[in-house]
Structures are given as structure tokens and as C-alpha cells.
2 protein chains.
Amino acid sequence: MTSPRPEWLAALAHLAVERTYDAGEAVFRLGAAARHVHFLAEGRVTLSRFGPRGEEVAIHAARAGEFFAEASLHSERYHCTAVVARPALVASIPSDELRALLRRDAEFAMQWLAIVSRQLRQARTRVERLCLKGARERVRHLLLTEGSGAAHRYTLHGSVKDLAVDLGLTHEALYRTLAAMERENLILREEGSLVLVRQPGFPGV
Amino acid sequence: MTSPRPEWLAALAHLAVERTYDAGEAVFRLGAAARHVHFLAEGRVTLSRFGPRGEEVAIHAARAGEFFAEASLHSERYHCTAVVARPALVASIPSDELRALLRRDAEFAMQWLAIVSRQLRQARTRVERLCLKGARERVRHLLLTEGSGAAHRYTLHGSVKDLAVDLGLTHEALYRTLAAMERENLILREEGSLVLVRQPGFPGV
DNA sequence: CGTCGCATTGATATCGCTCAAATCCGGTGG
DNA sequence: CCACCGGATTTGAGCGATATCAATGCGACG
């Protein structure tokens, strides 16, 4: 998802500077001047902020094929820190050149707007999920909203631990919840994906 | 915040249809054809979705002067339900006309993009907040991120109950937390606003 | 003056967090 | 080939924070 159409990725390609990053490296840090918007070609990057005592809080996990820090197009400084979780190939586009392109090319601007809008919807869906109280409800919500097809199959991107962070749970709680839900025949776990078992009286979304 | 510049609000005015809504009325419902983007001139509107048993989950509370359902510009149907919390005056702009305007006017498109980007950042900040475990941490985070000025003063928009929903807490838990934090001299409550008391050893953000 | 909703506080139960430990797995080096 | 290692996975036990249920005061509004 969010895989950009090639025709206008090409429009950006000659503006971008590519670079590889090792795991643990920072692409940018909170407070730094936001001079680039980034595209993650390969690997994994997590956007996070840090609490007063240094607790890391993940606010977004960029996947290969996604832009990240798009919101920084309109702000002076980065509002979070981007750390590479798995060795990554990142294409960085200078903000001012991207701004110029957006102003010049209305069609491109519409597509860029579509990307940001989708991210907004995803973020709001995640807010909705985090407002649910129980771990089971969050898992159900995840499958209903992110699962593909009528069977609501959700393919794991990374480890279960990563998913736990995404759901705002500890990995222990998630493991237990998944085990319990499978025991009660609410979900199925198979080869890196979760499937929602259709419940009688629960119409799909 | 998010108050649109008059010059281009005017550009939208002649496209919009204004209407008043009573509390409890729905501006649109999940699944309906997304033919309009909305601007809340007065009142309060909450965007929410419903769990399998009808539990309402608030995903956004639009304030006067904000657009809502901007993300629906790029989707066929609404992804949530907008219910009026307080009597509201809503200006609805036909999606296709707005799309045409975005395509025609690059400057307007940039400003629209800025609005959506800001909403994205706000949503991500809220995700970050909801990932914090304790109620106190969430309150602290709220004041640090949404509070204005060096004193981090946060002005309540509506009742404390509303704030509790925003923080993903029950109102009882929030009342208790606020009382405890005030008792411990961590915050001050004064006339509809919360102020963070600067703690030694806690550098501001 | 009664009613309704917000604000507030108390008592109890539950769920997830924390600490702890065992197993499994892929990779690495001898 | 095998021993070892680190990280993911899984399960256990106990505690604490928040949800839940309940009750009261208070102010607005008809």
C-alpha cells in the first residue's frame, strides 16, 4: 500500500539523493531543520519520540515503498526522530524542490495530497484502535480495519513484538491474547498472518 | 489553530452550502457517498466509529474553525460518522468542485495540503499520547504538546469528560488523576485551563 | 422546584504490566 | 559438525492502575 505510481516517482527521482543506512542509525532527529522529505525504498524505519525519561514511543513505522516525514514539508523542524530498524535505502528529496514541484504540477500535487490524506486516515484508525480498552478488542479491530479480503487476513509485517508496539501492548500481553483468542476459535494463526474467524451474529464491517 | 486564512476561505465560500444542525444530528454516516468536505463554522462535531456492539469510539473532535472529513476528498465513501455534539453551523463544499479548485489553483492546493499535514501531525501526536501507559503521563504529554507558551497552559475545550475521551480514559480516572497531580503540585487548575508546574530536573521540550 | 448533566469521591474487580524463566530458532565461530 | 549466542516466542505469578459500579453535590434551565 501507498506504493507510489511509477510515473511520478520518476518525477521525483532526479530530485532525490539516495543513501543506505545501517540499523540503529538516525535519518533525522527531533528538532533538526526539516530540509528533506524521505522515501523508504527498502528496509524499515520507525518514527518515534522520547518521553521525559527517555522512553521511546513509536508513532509510525514506515514500510518499504512509503514516504515518511511528509508532514515536515510544512514545518521548519522535524517533530520526531527517525531511526532505522533494519538496514534501509532511503531517497531524500529536498523540501524546497518538492514544494516547487507541487506548485508547478497540479496533477502531482493532487497525488501527493492523496498520499497525505491516506496517512491521515490510517493515523485516525490507529487512534480509534488505541482507544479500545481490551487487548482482544484491539486485535479484532486490527483485523477488521487492516485485514484484507472478506476473511480479514492480516499479514504480519515483522515480528509479533513489533505488532505489540503498534497495538500499544507489551509483547507478553499480545502473545497471551493471541493464544487465548485462538483457543476460543476467534482467530486463526497461520504462517505469518492472522485470520478473523467469522462469528455468528457479527456482521462484517 | 487551523483557522483558515480569510483570503482563501472566501474562495471556498461561494462553493459551500451552509446548514445548521441540532445536537445529535448526523452530518454524514459511515459508508455514505463522500460528496462533500465540511467546514465547522460553529459548534462541535465528533467523528466516531462504532464497535461491533455499538460502542462509540471518538476518533476526532472537530472544533469551530476546522475542516473535517478532508480525507474523504480521495475516497468514495465516508470512513466514519459525524455526529453533532453541540448545535453546529456547517459549511459543506462539494468534493468535485474542491478537487477542481485544487487542480486549478496551485497556491490554494499548497494551503490545503498544509492543513491536512497539520492534522496528520496532530493525529500522530495523539497516537503517541495514547501509547503512554499511565493517566498522569498522558496528562503531562497533553500539556507539553498542546499547551501554549513556556508555561504550557492548556485551555479546556469543553468539559473534562470530553477531555477524558480524548485521552482514552474514563472521566472518573481523569478526575482522580487531575486531583492527585494538583495535590502533588505537578499541575495547577485554574478557570478552565491546566498549567504544568515546572519540575526541577525536567527540561521542557 | 424538579430534573438533567457535569463534577467528584468511594469501593471493588479486572486486565495488563512487570519480573522471571524456559524453549525454540537462525546465525556464527571453533 | 557442534557448541554457543542473541533474539523471538511462550508461559507463570503477583501487583498495581484503571475500569466499573455507585452515590452525592452542584449548577443550569425550564
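Below, read A as the first sequence line, B as the second, and so on, with proteins coming before strands; counting in each chain starts at 1.
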Atom pair distance, as rounded to whole Å: [atom1] in [X] and [atom2] in [N]:
X: B/Asp162; N: C/dC6; atom1: CG; atom2: P; answer: 8 Å
X: A/Tyr175; N: C/dT23; atom1: OH; atom2: C1'; answer: 12 Å
X: A/Leu178; N: D/dT11; atom1: CG; atom2: P; answer: 11 Å
X: A/Leu174; N: C/dC15; atom1: CG; atom2: P; answer: 17 Å
X: A/Glu172; N: D/dG12; atom1: CD; atom2: P; answer: 14 Å
X: A/Leu132; N: C/dT14; atom1: CG; atom2: C1'; answer: 17 Å
X: A/Arg176; N: C/dC15; atom1: CZ; atom2: P; answer: 13 Å
X: A/Glu137; N: D/dT18; atom1: CD; atom2: C1'; answer: 16 Å

For A/Lys133 and D/dA19, is the shortest distance between a side-chain N/O and OP1 or OP2 below 4.0 Å?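 No, outside the criterion.
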Contact under 4.0 Å: A/Thr170 side-chain N or O vs C/dC17 OP1/OP2: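 Result: yes.
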Reckon A/Gly158 touches a base, only the sugar-phosphate, or nothing at all at heavy-atom distances under 4.0 Å?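 It contacts nothing in the nucleic acid.
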Considering every strand and a 4.0 Å limit on heavy-atom distances, what is the contact class for B/Arg189: base, sugar-phosphate, or nothing?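 Sugar-phosphate, no base atom in range.
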[X] side chain, from C-beta outward: closest of [options]:
X: A/Leu169; options: C/dC6, C/dG16, D/dA13; answer: C/dG16
X: A/Ala173; options: D/dT11, C/dT18, C/dG16; answer: C/dG16
X: B/Ser159; options: D/dT20, C/dA7, C/dT18; answer: C/dA7
X: B/Val160; options: D/dA19, C/dA7, D/dT11; answer: C/dA7
X: B/His171; options: C/dT18, C/dT8, D/dT9; answer: C/dT8

Select from B/Arg183 and A/Arg136 the residue whose nearest nucleotide in DNA chain C is closer to the 5' end of that strand.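 The answer here is B/Arg183.
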Do you know which of A/His141, A/Arg129, A/His157 makes side chain to side chain donor-acceptor pair (under 3.5 Å) with A/Glu146?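 Option passing the side chain to side chain donor-acceptor pair (under 3.5 Å) with A/Glu146: A/Arg129.
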Whether over 12 other heavy atoms sit under 6.0 Å from A/Arg35 CZ: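 Result for CZ/A/Arg35: open.
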Less than 4.0 angstrom from a charged side-chain N to a carboxylate O is my criterion; do B/Glu42 and B/Arg86 meet it?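 Between B/Arg86 and B/Glu42 there is no salt bridge, as every charged N stays at least 4.0 Å from the carboxylate O atoms.
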What's the separation between atom OG1 in A/Thr177 and atom CD in A/Glu172, rounded to the nearest 0.5 Å?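 The OG1 atom of A/Thr177 sits 11.0 Å away from the CD atom of A/Glu172.
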Determine, stepwise, if the pair B/Arg29 / B/Thr81 fulfils side chain to side chain donor-acceptor pair (under 3.5 Å). CA-CA 4 Å; B/Arg29 295 191 177 278; B/Thr81 296; 5.0 Å; no
